[in-house]
Number of protein chains: 2
Amino acid sequence: MTTNISRPRGRPRRFDPEQAVAIAQRLFHTQGYDAVSVADITEALGINPPSFYAAFGSKAALYARTLCRYTGTEGIPLAEILRPGRPLAEALSAVLESCARRYGADPAAAGCLVIEGARCKDPEARNAARALSTTAADTIRQFIAATHPEAAERLTDYVVTLMVGLSTMAREGHGADRLLATARLASLALEQELGA
Amino acid sequence: MTTNISRPRGRPRRFDPEQAVAIAQRLFHTQGYDAVSVADITEALGINPPSFYAAFGSKAALYARTLCRYTGTEGIPLAEILRPGRPLAEALSAVLESCARRYGADPAAAGCLVIEGARCKDPEARNAARALSTTAADTIRQFIAATHPEAAERLTDYVVTLMVGLSTMAREGHGADRLLATARLASLALEQELGA
DNA sequence: ATATATTTGTAGTCACCCTTACAGAATCTC
DNA sequence: GAGATTCTGTAAGGGTGACTACAAATATAT
């Protein structure tokens, strides 16, 4: 007796949507949203366009699902790193180091899917990525404001600017080692500014 | 007697190529290379496609000319800022401040034309932008190496990462004031690292 | 078995992109 | 003027993109 939860009525799917999202995520992360065509996706999935549109609605909608999946798995775990009570300079430095490590971990899928997606041409996909990007910035800002409200905007801008820069440099081919060196250098400013 | 330098033979042009490059530069800077179509350009210039191709060869070739023009006019004057003998921390901080000011000066054409062009989809245009980007990085690296050879790569990576980040944030709508605050914060790390 | 529901595969639509063929117009040389 | 030369405008070629109409296929429900 397998998992037999009363299959739906019609002809069954020949592919697993969840796995398809994973494959699409890798494509988007590797090549960028604009550079991936629906034809690329359907070929990678071994299906035809109608199956794709029936399952996901549109390229942008599938992208939104990959973004959702990304934040839950490979994205930077801001909530974990920015634990309340953690010293500010230490916490922000940890964010930058985490970015350096993750963005440079896989050379074939370098950088941040969200940050890179925020520059794509398609408005729907771009807005989806921007929304997540804004949420992340807000998380950082609120963490800072809890202890240093007067410095929240300035420090958030600084950290986000570096995250964006690190993602870009990762895509330019910089490995985790070089990114980490940059992150550590950037942390010096945080320590100095916050009197660590 | 006007400037009468023996006009060329055939039918005269109805537009000024130099002015056309300036107009195209503004389009590319405002919208990004990929988002500007040849139709956009020809419409902005008030000419038809054949005139465009006869004068410039291709969209990428025109873009290369706009890049050339940009570095000579609106680009960061690295050669001026990185004058030999200038204290390193001061010089690199000046680079970052200059970026902050220029990238945020014109909200309609924010960021750096070269940096943003380095991510476009067209290989020819991308390589043209990358070449200039690499040249700029080399200039910075050599200036650092003149006095601090062991720190050249690390500091160059740091400065370039911030330049890229500043350009992106400018395109996200950050004004020169916010960019400058980030640049000044980033300079703290340089001063600390270099014992200023 | 019949009806219903859902997916699949073929083939194609429609829009937009960069680029060019071609003939006519405007200028210079002789 | 005649001829050579260069630009201009119309119109379209050739490619790629996202997306879909439609009928055949495969399952469940009764």
Side-chain angles (χ1 to χ4, degrees), chain A residues 2-21 24 27-28 31-66 117 120-128, chain B residues 1-21 23-24 27-28 31-66 117 120-128:
Chain A
T2 61
T3 54
N4 198 357
I5 323 165
S6 74
R7 257 212 304 228
R9 272 248 264 177
R11 176 173 177 172
R13 275 218 181 81
R14 281 194 42 209
F15 68 101
D16 175 15
E18 288 308 313
Q19 189 183 347
V21 172
L27 279 180
F28 284 135
Q31 307 179 35
Y33 181 84
D34 289 328
V36 177
S37 70
V38 172
D40 292 334
I41 299 172
T42 55
E43 187 187 8
L45 298 179
I47 63 178
N48 291 305
S51 299
F52 170 84
Y53 283 98
F56 302 110
S58 73
K59 180 185 168 187
L62 170 60
Y63 182 65
R65 286 188 59 172
T66 70
C120 77
K121 232 172 130 181
D122 183 81
E124 187 179 340
R126 191 172 59 229
N127 289 337
Chain B
M1 169 182 163
T2 60
T3 55
N4 199 357
I5 323 165
S6 75
R7 255 213 304 227
R9 271 249 267 174
R11 176 174 176 172
R13 275 219 179 79
R14 280 196 40 213
F15 68 101
D16 175 17
E18 288 309 312
Q19 189 182 348
V21 172
I23 293 174
L27 278 181
F28 285 135
Q31 307 179 35
Y33 181 84
D34 289 329
V36 176
S37 70
V38 173
D40 292 335
I41 299 171
T42 55
E43 187 187 7
L45 297 180
I47 64 177
N48 291 305
S51 300
F52 170 84
Y53 284 96
F56 302 110
S58 71
K59 181 184 168 188
L62 170 61
Y63 181 64
R65 287 188 58 171
T66 70
C120 77
K121 233 172 129 181
D122 183 80
E124 187 179 340
R126 191 172 59 230
N127 288 337

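No hydrogens, no waters, no symmetry mates; every other heavy atom, side chains included, goes into these values. This one's a predicted model, so the numbers in the text were calculated from it and none came from an experiment. Chain naming here is simple, since letters A, B, ... match the order of the sequence lines and numbering starts at 1 in each.
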Under 4.0 Å, heavy atom to any atom of DNA chain D: which of residues 33-48 of chain B qualify?
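Residues of residues 33-48 of chain B that come under 4.0 Å of DNA chain D are, in numerical order, B/Asn48.
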
Side chain of [X] only, please: which of [options] is the nearest?
X	options	answer
B/Arg11	C/dT6, C/dT19, D/dC7	D/dC7
B/Arg9	C/dT4, D/dC19, D/dG3	D/dG3
B/Pro49	C/dT19, D/dT6, C/dT8	C/dT19
B/Pro12	D/dT26, C/dA26, D/dT8	C/dA26

Please compare B/Pro50 and B/Lys121 by the position of their nearest nucleotide in DNA chain D and report the one closer to 5'.
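The residue whose closest nucleotide sits nearer the 5' end is B/Pro50.
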
With DNA chain D as reference, determine whether B/Gly10 or A/Gly10 sits nearer its 5' end, using the nearest nucleotide of each.
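Nearer the 5' end of the strand: B/Gly10.
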
Check whether NZ of the Lys or CZ of the Arg A/Lys59 lies under 6.0 Å from the centre of the six-membered ring of A/Tyr33 and within 45 degrees of that ring's axis.
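That pair qualifies as a cation-pi contact.
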
Closest approach of A/Phe56 to A/Val21 (non-hydrogen atoms, all atoms of both residues)
CE2-CG2, 3.9 Å

Heavy-atom closest pair, residues A/Cys120 and A/Arg126:
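For A/Cys120 and A/Arg126, the tightest heavy-atom pair comes out as O-NH1, 3.0 Å.
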
Intermediate values then yes/no, side chain to side chain contact (heavy atoms under 4.5 Å, CB included), B/Leu62 and B/Phe52
CA-CA 9 Å; B/Leu62 170 61; B/Phe52 170 84; 3.4 Å; yes

Quick one: do the A/Asn48 and A/Ser51 side chains pair a donor with an acceptor below 3.5 Å?
no

Which distance, rounded to the nearest 0.5 Å, do you find between the CD1 of B/Ile47 and the CZ of B/Phe15?
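The distance works out to 4.0 Å.
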
Grab the [atom1]-[atom2] distance between [X] and [N] for me, whole Å please.
X	N	atom1	atom2	value
A/Lys59	D/dT16	NZ	P	15 Å
B/Leu62	C/dC17	CG	P	16 Å
A/Asp16	C/dT7	CG	P	14 Å
B/Phe15	D/dG9	CZ	P	10 Å
B/Glu124	C/dC18	CD	P	13 Å
B/Asp122	C/dC17	CG	C1'	12 Å

So does [X] get a side-chain nitrogen or oxygen closer than 4.0 Å to the phosphate oxygens (OP1/OP2) of [N]?
X	N	value
A/Arg14	C/dG9	yes
A/Ser51	C/dT7	no
B/Tyr53	C/dT20	no

Are more than 12 heavy atoms from other residues, nucleotides or ligands located less than 6.0 Å from atom CD of B/Gln31?
yes

When all nucleic acid strands are considered with a 4.0 Å heavy-atom cut-off, which category describes B/Phe56: base, sugar-phosphate, or nothing?
nothing

